[in-house]
Amino acid sequence: MKEILKSLLYFIWAGLFEIGGGYFVWQWLKEGKPLWWGIAGGIGLALYGIVATLQAANFGRVYGFLAAFGDQHGNSF
């Protein structure tokens with residue numbers, strides 16, 4: 001049970017860093033936010049890469065499944 005909870009928390013953190021980092025970079029490049037928004041976004045995306053490697057479960061398979069699921073239903077995760 002402990003491993004499942006750990007994997008779930010890593011997955012949630014990875015998602016938050018990925019979405020948040022991308023949002024900050026987008027705001028910097030497209031909406032004219034200050035440079036520190038871009039830097040913060042870059043840090044968030046780097047943390048996403050780090051957190052994904054901490055995952056004990058097969059993160060790539062789970063992430064690939066979610067991407068395929070989103071594509072089939074017209075969603076972009």
Side-chain angles (χ1 to χ4, degrees):
M1 185 65 170
K2 183 179 176 185
E3 286 297 315
I4 293 172
L5 182 58
K6 190 174 170 181
S7 289
L8 182 61
L9 290 174
Y10 281 143
F11 192 76
I12 290 169
W13 276 112
L16 289 173
F17 284 133
E18 180 191 18
I19 293 167
Y23 174 78
F24 271 67
V25 170
W26 180 270
Q27 289 296 308
W28 168 56
L29 291 173
K30 293 290 193 177
E31 303 296 329
K33 298 290 184 184
L35 175 62
W36 68 266
W37 280 63
I39 294 169
I43 292 169
L45 290 170
L47 288 171
Y48 156 70
I50 293 168
V51 170
T53 65
L54 299 174
Q55 184 65 266
N58 194 335
F59 187 80
R61 283 188 172 180
V62 173
Y63 203 70
F65 168 77
L66 288 177
F69 181 80
D71 288 344
Q72 283 182 337
H73 293 88
N75 299 320
S76 178
F77 290 121

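If you read the sequence from its start, that first residue is 1, and numbering goes on from there.
- Between the CG atom in L16 and the CD atom in E18 there is a gap of 10.0 Å [rounded to 0.5 Å].
- T53 places a side-chain N or O within 3.5 Å of a backbone atom of I50 that can act as its donor or acceptor partner.
- Rounded to the nearest 0.5 angstrom, W37 CH2 and Y23 OH are separated by 5.0 Å.
- Under the side-chain contact (heavy atoms from CB on, under 4.5 Å) criterion, L35 pairs with W28, I39, not counting sequence neighbours.
- Through chains of ILVMFWY side-chain contacts below 4.5 Å, L9 is grouped with L5.
- In terms of hydrophobic clustering, with Ile, Leu, Val, Met, Phe, Trp and Tyr side chains grouped at heavy-atom distances under 4.5 Å, W26 and F17 are assigned to different clusters.
- Placement of I43 and W36 within a single hydrophobic cluster is found when ILVMFWY residues are connected by side-chain heavy-atom separations under 4.5 Å, directly or transitively.
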